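These numbers were taken from a predicted model, which means no experiment stands behind them. Index from 1, following the sequence.
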Amino acid sequence: MINLEPQQFVSWEQPIEMLYACHGRVKNFCSQLKILPDYLAKNGVNQAVKNDVQQILNYFNIAAPLHHDDEENDFFPVVAKYHAHSQQTIDELERQHFILHDNWHKLSLQLTELIQDKRDHIDAELIANFIAGYDVHIALEEPLFALGKDCISETELESMGKVMAARRQL
């Protein structure tokens with residue numbers, strides 16, 4: 001039975017909920033990555049693994065950078081406008097985006113080689129670093145999402161959602 005989570009039904013008309021939904025996808029993909037080394041050791045590389053790894057590559061190569069752009073260009077500035085004290089947290093989150101992208105670059109090289117049959121394992125430490133980075137990042141970021149829900153007007157949210165959707169050419 002498929003478990004449909006509410007976050008799957010949000011739209012760009014609710015941009016903060018979409019930011020949360022992106023985090024849900026990050027967590028799901030990180031869960032898959034976490035079990036990947038043991039799975040490969042027991043089962044080897046098969047088409048199912050390649051399909052799952054390709055989905056992970058697609059998400060973190062395309063959607064995750066767009067998500068970070070949504071935050072840095074659209075969401076963070078509006079939250080900072082209402083809550084100047086949040087700027088230090090925002091600065092840290094933006095710094096972390098560089099680290100997350102660097103961790104992803106290292107991991108994605110191995111994942112790409114895996115689906116190209118150039119390797120049969122993934123460095124578990126790379127996966128652990130990648131997941132740990134997102135765990136810290138999401139824990140720091142989601143309180144800002146809650147803050148944004150309390151302070152950003154419906155008009156600003158509507159405008160923000162349109163910009164985010166346009167970024168994806170929806």
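For the pair Glu156 and Met160, the minimum side-chain heavy-atom distance is 4.5 Å or more. Looking at heavy atoms from C-beta onward, Phe76 lies out of side-chain contact with Thr89 at the 4.5 angstrom threshold. Annotation: side chain of Asn103 is not in contact with side chain of Leu126 (no heavy-atom distance under 4.5 Å).
The CG atom of Asp52 lies 9.0 Å from the CG atom of Leu36; values are rounded to the nearest 0.5 Å. Atom CD1 of residue Ile90 and atom CG of residue Leu144 lie 5.5 Å apart, to the nearest 0.5 angstrom. Taking NE2 from His101 and CZ from Phe60, the interatomic distance works out to 10.5 Å, rounded to the nearest 0.5 Å. Put simply, CD1 on Ile16 and CG on Asp70 are 12.0 Å apart, with the number rounded to the nearest 0.5 Å.
Distance alone, capped at 3.5 Å, is enough to place a donor-acceptor pair between the Thr112 side chain and the Ser108 backbone.
Taking hydrophobic clusters as Ile, Leu, Val, Met, Phe, Trp and Tyr residues chained together by side-chain heavy-atom distances below 4.5 Å, Leu19 does not share a cluster with Tyr134.
Under the 30°/60° scheme for interplanar angles, the aromatic rings of Tyr20 and Phe145 are found to stand perpendicular.
Between Arg167 and Asp74, at least one side-chain nitrogen of the basic residue sits less than 4.0 Å from a carboxylate oxygen of the acidic one, meeting the salt-bridge criterion. Comment: Asp91 does not engage Arg95 in a salt bridge, judged by the lack of any side-chain N to carboxylate O separation of less than 4.0 angstrom.
For the side chain to side chain contact (heavy atoms under 4.5 Å, CB included) with Cys22, the qualifying choice from Lys27, His67, His68 is His67, the only one to do so.
Dense packing is recorded around NE2 of His121, with more than 12 heavy atoms of other residues, nucleotides or ligands lying under 6.0 Å away. The environment of NZ in Lys162 is sparse: at most 12 heavy-atom neighbours from other residues, nucleotides or ligands sit within 6.0 Å.
In the model, Gln55 has no side-chain atom that pairs as donor or acceptor with a side-chain atom of Asn51 under 3.5 Å. Glu92 and Gln88 share no side-chain donor-acceptor pair at under 3.5 Å.
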